[in-house]
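Heads up, the thing below is written out as structure tokens.
The residues of the chain are indexed from 1 along the displayed sequence.
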Amino acid sequence: MRPSSEELGLYLVTDAALCGARGIVRTVELAVEGGARVVQLREKHADLAEHVRLLERLARVIDARALLLVNDRVDAAVAARERGIRVDGVHLGQGDEDVRRARELLGPDAAIGLSANTSAHLDAVAALPEGTVDHVGIGAIRATATKADHPPALGVEGFALLAAASPVPSVAIGGITAADVPALRRAGASGCAVVSAVCAADDPLRAARVLSAAWSGAASDQ
């Protein structure tokens with residue numbers, strides 16, 4: 001299912017280490033109950049079979065209440081879909097598989113996100129055939145330990161400049177807390193992606209509810 005900008009909102013990117021003994025599946029289940037609208041499975045070291053197993057379990061607990069995307073692994077999304085698992089799409093980095101190839105493999109109904117952290121990246125998105133990319137992930141907003149190779153922190157003002165230039169909806173990512181959400185939404189974010197704010201929380205359900213409330217509150221202020 002391809003998202004509209006209104007369907008993004010709270011966007012969870014998973015981290016197995018931060019989820020700890022609770023595990024990814026239970027963390028995602030609680031986050032979706034708390035209001036997460038997008039879940040992106042990010043498992044850098046899992047093989048194809050493990051990706052598919054996790055996607056099957058995640059799809060079951062999400063139960064179509066949120067979009068389910070796979071980080072980097074177009075092959076995993078394709079394999080899961082072939083098994084009848086509801087996987088909505090992928091999120092790709094600049095060094096991953098070409099988004100045009102991903103669209104070809106996943107079809108017109110898939111949600112495809114792309115990391116785009118510079119004006120040149122956004123120009124490249126604008127040059128693609130319409131409908132190739134659904135949204136871009138722009139960050140890091142603040143320095144974060146969950147992605148060691150993230151680009152220099154943009155802050156809210158830097159994000160706003162790039163979001164204004166983006167031809168597709170923009171998701172803010174990188175070190176975001178609930179306190180940042182209203183300003184990011186006012187700056188043009190169509191969603192706020194978090195990792196540690198939910199995965200490392202003692203209570204992921206409460207953390208997701210707080211973040212979702214911040215997002216909803218920002219909408220009422222506009």
Side-chain angles (χ1 to χ4, degrees), residues 1-14 31-32 35-42 62 64-74 77 86-141 147 150-151 154 156 158-176 180-181 183-195 198 211-212 215-216 218-219 222:
M1 179 177 64
R2 300 183 72 172
S4 71
S5 60
E6 293 78 22
E7 290 176 309
L8 297 174
L10 177 58
Y11 184 131
L12 174 65
V13 180
T14 68
V32 171
R37 296 179 182 178
V38 184
V39 173
Q40 179 180 319
L41 175 64
R42 186 166 73 185
I62 291 171
R65 293 174 295 165
L67 296 178
L68 176 57
L69 309 182
V70 192
N71 188 76
D72 299 350
R73 297 293 298 266
V74 177
R86 179 175 173 145
V87 176
D88 297 289
V90 295
H91 183 89
L92 302 174
Q94 287 292 319
D96 297 324
E97 186 157 357
D98 186 279
V99 290
R100 289 164 292 193
R101 177 62 174 159
R103 177 61 69 196
E104 178 184 341
L105 289 170
L106 293 172
D109 66 320
I112 296 181
L114 178 68
S115 296
N117 306 310
T118 68
S119 295
H121 291 162
L122 295 173
D123 289 344
V125 172
L128 291 168
E130 185 176 358
T132 303
V133 172
D134 294 291
H135 62 275
V136 291
I138 297 177
I141 306 306
K147 188 173 175 60
H150 69 73
L154 295 168
V156 175
F159 171 83
L161 290 172
L162 291 174
S166 177
V168 295
S170 302
V171 176
I173 187 169
I176 294 170
D180 299 313
V181 170
L184 287 166
R185 187 159 196 181
R186 289 192 296 269
S190 295
C192 284
V194 299
V195 185
V198 170
L211 286 155
S212 296
W215 180 263
S216 298
Q222 292 180 329

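- L12 CG to Q40 CD: the interatomic distance, rounded to the nearest 0.5 Å, is 9.0 Å.
- Shortest non-hydrogen contact noted between L8 and P169 is CD1-CB, 4.2 Å.
- Residues G175 and D180 share a closest heavy-atom pair of O-OD2, 3.8 Å.
- When all heavy atoms are compared, the tightest approach of A36 to A66 is O-CB, 3.5 Å.
- Distance check: Y11 OH to H135 NE2 gives 4.0 Å after rounding to the nearest 0.5 Å.
- Between V99 and the options V133, V90, V125, a side-chain contact (heavy atoms from CB on, under 4.5 Å) holds for only V133.
- Annotation: side chain to side chain donor-acceptor pair (under 3.5 Å) contacts of D98 (sequence neighbours excluded): R100.
- By the side chain to side chain donor-acceptor pair (under 3.5 Å) test, S212 is found to be paired with no residue, residues two or more places apart in sequence or in another chain being considered.
- Separating the CG atom in L10 from the CZ atom in R37 is a distance of 8.5 Å, to the nearest 0.5 Å.
- Nearest heavy-atom pair, A102 versus V74, reported as atom, atom and distance to 0.1 Å: CB-CG2, 4.0 Å.
- Side-chain atoms of E97 never come within 3.5 Å of backbone atoms of L92 as a donor-acceptor pair (strictly under, hydrogens ignored).
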message = With side-chain contact (heavy atoms from CB on, under 4.5 Å) as the criterion, how do V13 and H91 come out once you've worked through the C-alpha distance, each side chain's angles and the decisive distance to 0.1 Å?
response = CA-CA 10 Å; V13 180; H91 183 89; over 6 Å; no
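- Put simply, CD1 on I112 and CG on L128 are 10.5 Å apart, with the number rounded to the nearest 0.5 Å.
- What you find for C192 and W215 is that their closest heavy atoms are SG-CZ3, 3.9 Å.
- Partners of N117 by side chain to side chain donor-acceptor pair (under 3.5 Å), not counting sequence neighbours: none found.
- Every residue meeting the side-chain contact (heavy atoms from CB on, under 4.5 Å) condition with S166, not counting sequence neighbours, appears here in chain and number order: L122, V136, V168, S170.
- Going from atom CG of L105 over to atom CZ of R103 covers 11.0 Å, rounded to the nearest 0.5 Å.
- Atom-to-atom distance recorded for N71:CG and L41:CG is 8.0 Å, nearest 0.5 angstrom.
- Every residue meeting the side-chain contact (heavy atoms from CB on, under 4.5 Å) condition with D72, not counting sequence neighbours, appears here in chain and number order: K44, D96.
- Residues forming a side chain to side chain donor-acceptor pair (under 3.5 Å) with R101 (at least two apart in sequence, or on another chain): E104.
- Formation of a donor-acceptor pair under 3.5 Å by the D88 side chain with backbone atoms of L69 is not found in this model.
- For S119, the side-chain contact (heavy atoms from CB on, under 4.5 Å) test picks out L162, with sequence neighbours left out.
- For the residue pair V156 and A187, the shortest heavy atom distance occurs at CG1-CB, 3.9 Å.
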